[in-house]
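For reference, the structure is listed below as structure tokens.
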Amino acid sequence: MNDAAKSKMKARIHIVKRAAMPWYQAAGIRALALFLAVIVCGIVTYVLTGDNPASVFKTIFEGSFGSERRFWVMLQNLSMLLCVSLAMAPAFRMRFWNIGGEGQVLVGCLATAACMINLGGKIPNGFLIFMSLMAAVSAGAFWAFIPAACKANWNTNETLFTLMMNYVATQLTAYYIIIWESPKGSGKVGIIQQKSQAGWLPQIGQYKYLLPVLVVFILTIIVYIYMRYSKQGYELAVVGESEKTARYVGISVPRVIVRSMILSGAICGLCGFLLVAGTDHTITTTLAGGRGFTAVMVAWMAKFNPIGMIFTAFLLVFLNKGAGEIATSFGLNQSFSDILSGIIIFFLIGCEFFISYRIVRQRGEGQNV
Amino acid sequence: MEESRKGGGRTPAVSMRGITKTFAGGVIANDNVDLDIYRGEIIALLGENGSGKTTLMNMLSGIYCPDAGTIAINGRKTEIRSPKDALDLGIGMVHQHFKLVDVMTAAENIILGLKEGRRLDLKAASKRIQEICDAYGFDLNPDQKIYDMSVSQKQTVEIVKMLYRKADILILDEPTAVLTPQESDRLFDVLRNMKADGKAIVIITHKLHEVLDVSDWVDVLRAGKFIGSLKTSETNEAEMTEMMVGHAVRLNINRPEVKNPKPRIEVEGLTVRSSDGLLKLQDVSFTARSGEILGIAGISGSGQKELLESMTGLCRIESGDIRYIYDDGRKKSIVGDSPLEIARLGVQLSFVPEDRLGMGLVGNMDLTGNMMLRSFRNGNSIFTDRKSPKALAGRVVDQLEISTPSLQTPVRRLSGGNVQKVLLGREIASEPTVLLTAYAVRGLDINSSYTIYRLLNEQKERGVAVIYVGEELDVLLELCDRILVLCGGCVSGILDARTSSKNEVGLLMTSLRGGRDE
């Protein structure tokens, strides 16, 4: 179909698949794409707003690195996004399209909040934190187990199923928010256990966010090792590549699907725990903040490699923070910064095409038609 | 020289000059190839796998564009950009994998995509299809649905589809790969009729006896280069093979005598249904013996796949029994056991499935990762041991002369022959007592095929019970000791390969003679 259009223009361009490309060349292409994206962003900024592009970029940068507090907020956001992305890794490597991260995080939040509200002050604090953690992890795992079990037994569509589970989780949270609302009639759950700080994660020194960041950092390494060196990681890779091969070598496909999804959901639940007990100390229906979906992008861009996800998650958080900063300091609305993020992501994803394919111009026999 | 060449001085229907095509990774598929095709002649395009036959013809039919070189149709230089361009020029190609819509009838498939007139006139189309069939001797019912058709009928639809589009230069890519000998003969009759009608025909093949049977000229490609053109009536198998392979090859397959055969695996009354309830195997009984190669012949889809998969625990069995017989004569039924449970019984069963990259191997994993498929459970650690599979991969590469850039190369990047060697190498490495192979040499070139035959014979001499599901009767008759013939899921006979003829096997493949009543 493409050929027809092309032949009318008499252009002789073909798209040809490349063989594997050395990593430095691929990195070069990506760097070039980022560079071009920045130039295009500059032009767009200048044309639309008349502001100096350089100062806009500086502001974007300051969004993440402008002050110590911003830096820590960026790190916290990065680690939460990374945590959900890590949860996606085993599921996606298995070609199980889990887009229910949002719901799995939210039920983790809900379980943590439930423990903090109902058990706070009644049991020793250390034990409460442990209970919250267990509850959050089990809730996330259970939320992922349901679609996994249905997929494994009846081959249901996991994409739709996990998506629907998000809505259920949101409504469930909304229900409990009404029950727990404080003060009454406000329609929201204020800071939980504000006075006693029961169930709050301890702070390391003066750094409020350090503990969650460290937890996610360690988790990254564990997931990396699990995926790459463990027998279970190998099994799920085989299942993802070819279920037929998996059965042929005696791997029980349903078992691997359920096991990997429980792991995936458990990590999401952990993220929910870190959000509620670690930083926010409250619960809203939007606490997961779209991370369940952004994480899909993070995981794909990093090709499901946990170490690569650190960089892709950073990129997205960095752009997001910069966007917010532009909105306030230039008086532009948030949409403008979304345009810039869009341009940059477009270039970065688009350049993958040039890594897998090259464009060839026909030569030689061009004269005869 | 031009005089004694094909065509006898006429203008060629197709004249390709200096055709070059390079693929990603610098693989040169065609290197400066010249080829002429004349009307009223059947040309056999002969070459090993990867020699560039299909690529060359794909350029003629508009699927690829050449990097360099010219194509002239009826003496006029042309550029072919798409399959539609090719068809407008009268060039039609029948691919190895049919491109038909299963739920439609033959007639609907044939007119699919044609823009003639406003209204869909199926009746007129059926009438024209019938005319084409009568003219060339095709046997085709235009109203039959594709899913009801045998492979050879589907192929007929593809050919008629091209003729309906007024193709007079017809290219057939390995047309006999899926046919029984009798069906092949029928196809050749039709091809001769078309030739008499003045059409130019090219068949891509690597089966020498077919070349001798049907073609007028043989054009040989080797490693992307044009090697030469031979008049079929003046050549022989040895000469063609030498041109094709580049050195003389001994064409007979070695068959060591069977020594001390003992029953190894016993199948009794095996009946298997597919998931949608179709009877795939019915009351199949036989015994495979150690130190013997048992061939299984049959038209594709006669239950070969189900037979092997039920013997390896991959397929649900409706009734019947499969018993493994240990060295000391003990028998153990393996029905209902999973592959893992079978292995835990101490039954060393290896299986080389038909779908090598989709079932036997993981295409995206490297050689080490693929060797691990069988051994990754070893040891109590939660981590995999990559060292011994890596060593095994190295050994297999050395011993089977696998050409691969490195042990880290994903196996899907290897050529078909090398993929098969990786798979067979891994399966043999587990020192099996039963080795099941499905279409072990399908798509492999002569050199690789002979390597596979040698490996199977080595296993046979080690005392392994080898089961060889094959499609080429010549090979089955030369390699195997006994041949079990399947027809529609039933055993239609078990023959001694040393004394049987190709015709006997061919007849059993299509009839139930001596089947159930026996």
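These numbers come from a predicted model, not from an experiment. Reminder, nothing fancy here: chain letters follow the sequence lines and each chain counts from 1. Values below: every heavy atom of this structure, side chains too, minus hydrogens, waters and symmetry copies.
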Atom group of B:Asp355 that falls short of 4.5 Å from chain A, counting heavy atoms: side chain

Most contacts with chain A, counted as non-hydrogen pairs under 4.5 angstrom, among B:Pro353, B:Ala343, B:Gly313: B:Pro353

Chain A contact via B:Asp337 - side chain, backbone, both or neither, heavy atoms under 4.5 Å: neither

Pick from B:Pro410, B:Gly363, B:Pro339 with the largest number of heavy-atom pairs that fall under 4.5 Å of chain A: B:Pro339

NZ/NE/NH1/NH2 to OD/OE distance under 4.0 Å, A:Lys244 and B:Glu309: no

Check: B:Ser15/B:Asp36 side-chain N/O donor and acceptor closer than 3.5 Å: yes

Heavy-atom proximity to chain A below 4.5 Å, by part of B:Leu373: both

Part of B:Leu361 within contact of chain A (heavy atom distance under 4.5 Å): backbone

Chain B contact residues among residues 250-259 of chain A, heavy-atom distance under 4.5 Å: A:Gly250, A:Ile251

Partner chain A: residue of B:Leu314, B:Leu340, B:Thr384 with the largest heavy-atom pair count (under 4.5 Å): B:Thr384

No-hydrogen, no-angle side-chain donor-acceptor test under 3.5 Å, B:Asp366 and B:Thr409: no

Toward chain A, the part of B:Met372 with a non-hydrogen atom under 4.5 Å: both

Side chain B:Lys77, main chain B:Ile71, donor-acceptor under 3.5 Å: no

Nearest-0.5 Å distance that lies between atom CE in A:Met88 and atom SG in A:Cys83: 9.5 Å

Part of A:Ala246 lying under 4.5 Å from any heavy atom of chain B: neither

Any donor-acceptor N or O pair under 3.5 Å, side chains B:Asn364, B:Arg412: yes

B:Gln304 and B:Leu308: CA distance, side-chain angles, deciding distance, side-chain contact (heavy atoms from CB on, under 4.5 Å) verdict: CA-CA 6 Å; B:Gln304 295 95 325; B:Leu308 296 192; 5.8 Å; no

Row check, A:Phe35 ring normal vs A:Arg30 NZ/CZ: under 6.0 Å, within 45°: no

Polar side chain donor-acceptor pair, B:Asn30 to B:Thr55, under 3.5 angstrom: no

B:Arg377 portion near chain A, given a 4.5 angstrom heavy-atom threshold: both

A:Tyr234/B:Phe376 under ring-ring contact (aromatic ring centres under 6.0 Å, His included): CA gap, chis, key distance, verdict: CA-CA 8 Å; A:Tyr234 179 78; B:Phe376 76 97; 4.9 Å; yes

Exam field: side chain A:Ser242 to backbone A:Val238, donor-acceptor pair closer than 3.5 Å: no

